[in-house]
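Some notes on the structure that comes next.
Proteins come first, then strands; the chains are lettered A, B, ... in the order of their sequence lines, and each starts at number 1.
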2 protein chains.
Amino acid sequence: MTKHHVKGWQAIQDEVLRRIHAREWPPGHVIPNEVDLAQEFGCARATVNRALRALAEEGLLDRRRKAGTRVALHPVTRATVDISVIRQEIEERGQHYDYRLLACDAASPPAPVRATLGAGSSLHVTALHSGDGAPYVFEDRWISLKTTPDARSADFTGISANEWLLAHAPYTHGDIAFSAEAASAQDASLLNTAEGAPLFVVTRTTWDHDCAVTAVRLAYAPGYRIYTRIGAQSDSAG
Amino acid sequence: MTKHHVKGWQAIQDEVLRRIHAREWPPGHVIPNEVDLAQEFGCARATVNRALRALAEEGLLDRRRKAGTRVALHPVTRATVDISVIRQEIEERGQHYDYRLLACDAASPPAPVRATLGAGSSLHVTALHSGDGAPYVFEDRWISLKTTPDARSADFTGISANEWLLAHAPYTHGDIAFSAEAASAQDASLLNTAEGAPLFVVTRTTWDHDCAVTAVRLAYAPGYRIYTRIGAQSDSAG
DNA sequence: GAGTGGTCTAGACCACTGT
DNA sequence: CAGTGGTCTAGACCACTCC
């Protein structure tokens with residue numbers, strides 16, 4: 001109930017974080033409501049709301065009307081992975097970007113792809129992205145010509161389908177999967193590794209509203225890893 | 001300049017999203033300032049701010065004081081991956097969770113781990129988590145006894161180090177890496193697969209302020225994949 | 001029904017930064 | 001310097017949901 005008169009919503013967030021961290025408010029504990037906290041901190045309720053809402057978005061607090069705010073029981077670690085354009089990704093590593101189109105044909109996609117992309121005619125684009133001359137990632141992509149007819153006349157020799165779509169084909173949502181796969185003969189040949197070598201693979205499908213735009217498999221050369229930081233804030237180790 | 005009188009900040013967000021999506025505001029375009037938008041939408045500036053701030057946090061907008069707000073040039077795809085306790089992860093798949101402690105010894109960690117965990121004495125804990133009797137993930141963990149001395153007397157036969165730390169050792173931040181590795185002899189034996197099989201591996205280190213708490217390598221059984229959705233909002237395909 | 005968070009408002013001042 | 005976003009306030013009403 002002491003007045004602290006801290007500086008802003010971040011200071012309030014820090015203090016709440018400290019109490020969670022110090023187990024003054026253990027997991028499951030219902031913390032004081034916004035009005036009380038606002039009084040304690042000597043600020044407006046909106047400021048408290050801003051601080052607590054941010055923590056709730058990170059998964060540290062559970063907030064429900066009437067039930068109040070409680071410290072999350074199972075502090076899920078929420079890792080945010082930024083996925084940029086491949087060219088940018090390579091250049092950010094300080095390497096020279098090189099791109100080579102392997103094939104670009106209208107074709108009927110295999111069943112698993114057809115299931116999401118639809119049965120309409122599709123464009124199959126394969127390409128290899130390299131950094132400083134070393135193969136970096138093999139892009140195997142299907143583009144729905146029904147959703148993106150312009151792709152038929154696009155020239156993917158100068159610009160990768162990855163970037164072309166970014167500039168020409170908006171999407172509303174998508175899904176991504178990360179997995180480990182054994183290199184196929186094609187993977188191995190292109191990525192300059194042995195068949196069966198463990199590859200980090202990203203599979204992505206994007207939609208524009210209800211229409212699938214593109215489905216892509218990105219097979220990265222051995223040694224690739226996605227790295228990210230978690231919690232500038234608090235949690236519990238696990 | 002038409003007044004729309006929409007419902008709330010989400011409606012404003014939707015409209016902004018629509019304009020980005022429809023290329024009315026193409027990538028790089030500087031959009032009107034908050035005051036103008038507030039007038040157009042017939043709401044308070046704070047409401048516009050709420051909508052635009054949320055979009056900026058998702059990476060769709062770049063906002064800078066004085067420079068204004070512009071549509072992001074390189075809409076990085078920001079995927080959020082939720083990492084929960086392993087037991088919970090397995091149970092959420094509807095499987096029966098089983099856990100077996102393999103070893104728990106005080107030891108000196110290998111150089112790469114020692115580099116982050118420090119040279120102090122550490123506890124080495126290895127365990128296997130299974131779902132419905134099938135091996136799910138092999139946990140290979142080092143715990144700093146300097147940071148978490150209580151771990152020395154903890155009993156990891158009944159509760160995994162994963163969960164014990166969650167309840168006893170708070171952390172402030174950490175880093176995670178996702179990669180693909182070939183199964184070692186130990187991996188293969190425990191995960192019931194062939195040596196050299198591609199495994200999805202998560203490597204995580206967590207700190208409590210400046211003190212490293214624990215470093216863990218999680219090697220998942222073949223077939224494991226992390227799946228997540230991107231953008232309930234808009235972007236561009238890539 | 002009543003308590004809690006969710007949101008909105010109208011106005012204000014501050015902080016950063018491009019010109 | 002001046003324009004823009006960042007934040008705070010004091011108050012209000014609403015929406016959900018537990019009791």
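Rounded to whole angstrom, the span from the CG atom of A/D62 across to the P atom of C/dG6 amounts to 11 Å. Going from atom CD of B/Q13 over to atom P of C/dC8 covers 11 Å, rounded to whole Å. If you take CD of B/E34 and P of C/dC8, they are 14 Å apart, rounded to a whole angstrom. The interatomic distance linking A/R50 (CZ) with D/dG5 (C1') rounds to 12 Å, in whole Å. The nearest whole Å value for the distance from the CD atom in B/E57 to the P atom in D/dG5 is 16 Å. One atom, CD of B/Q39, and another, P of D/dT4, lie 14 Å apart when rounded to the nearest Å. A straight line from CG of A/L61 to C1' of C/dT4 spans 15 Å, rounded to a whole angstrom. We find that CZ of B/R53 is positioned 14 Å from C1' of C/dC8, with the value rounded to whole Å.
Nearest-nucleotide mapping onto DNA chain C: of A/L52 and B/W9, the residue sitting toward the 5' end is A/L52.
Side-chain N/O atoms of B/N49 include none lying less than 4.0 angstrom from OP1 or OP2 on D/dG5. OP1 or OP2 of D/dG6 sits under 4.0 Å from a side-chain N or O of B/R63.
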Hey, what are the protein-to-nucleotides 9-13 of chain D N/O distances that come in under 3.5 Å?
| residue | atom | partner | partner atom | Å |
| --- | --- | --- | --- | --- |
| D/dT9 | OP2 | A/A44 | N | 2.8 |
| D/dT9 | OP2 | A/T47 | OG1 | 2.5 |
| D/dA12 | N6 | A/R45 | NH2 | 2.9 |

Might you list the N or O atoms of the protein lying below 3.5 Å from N or O atoms in nucleotides 15-19 of chain C, with each pair's distance?
| residue | atom | partner | partner atom | Å |
| --- | --- | --- | --- | --- |
| C/dA15 | N3 | B/R65 | NE | 3.2 |
| C/dG18 | OP1 | B/R64 | NH2 | 3.1 |

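Scored by the side-chain contact (heavy atoms from CB on, under 4.5 Å) test, A/A56 finds A/L61, A/R63 as partners (sequence neighbours excluded). Among residues two or more places apart in sequence or in another chain, the salt bridge (charged side-chain N to carboxylate O under 4.0 Å, His left out) test is passed with A/R45 by A/E34. Listed by chain and number, the residues in a side-chain contact (heavy atoms from CB on, under 4.5 Å) with A/Q88 are A/S84, A/V85, A/E92, B/H74 (sequence neighbours excluded). Annotation: ring pair (Phe, Tyr, Trp, His ring centres under 6.0 Å) contacts of B/Y224 (sequence neighbours excluded): B/Y136, B/F200, B/Y220. Qualifying ring pair (Phe, Tyr, Trp, His ring centres under 6.0 Å) partners for A/W9, counting only residues two or more places apart in sequence or in other chains: none. B/S130 pairs by the side-chain contact (heavy atoms from CB on, under 4.5 Å) definition with B/D98, B/L128, not counting sequence neighbours. Residues that satisfy the side chain to side chain donor-acceptor pair (under 3.5 Å) test with B/Y99, not counting sequence neighbours, are absent from this structure.
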Stepwise, does the side-chain hydrogen bond (donor to acceptor under 3.5 Å, both in side chains) test hold for A/T214 with A/R141? CA-CA 7 Å; A/T214 182; A/R141 180 185 297 273; 3.1 Å; yes

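With values rounded to the nearest 0.5 angstrom, B/T77 atom OG1 is found 11.5 Å from B/E58 atom CD.
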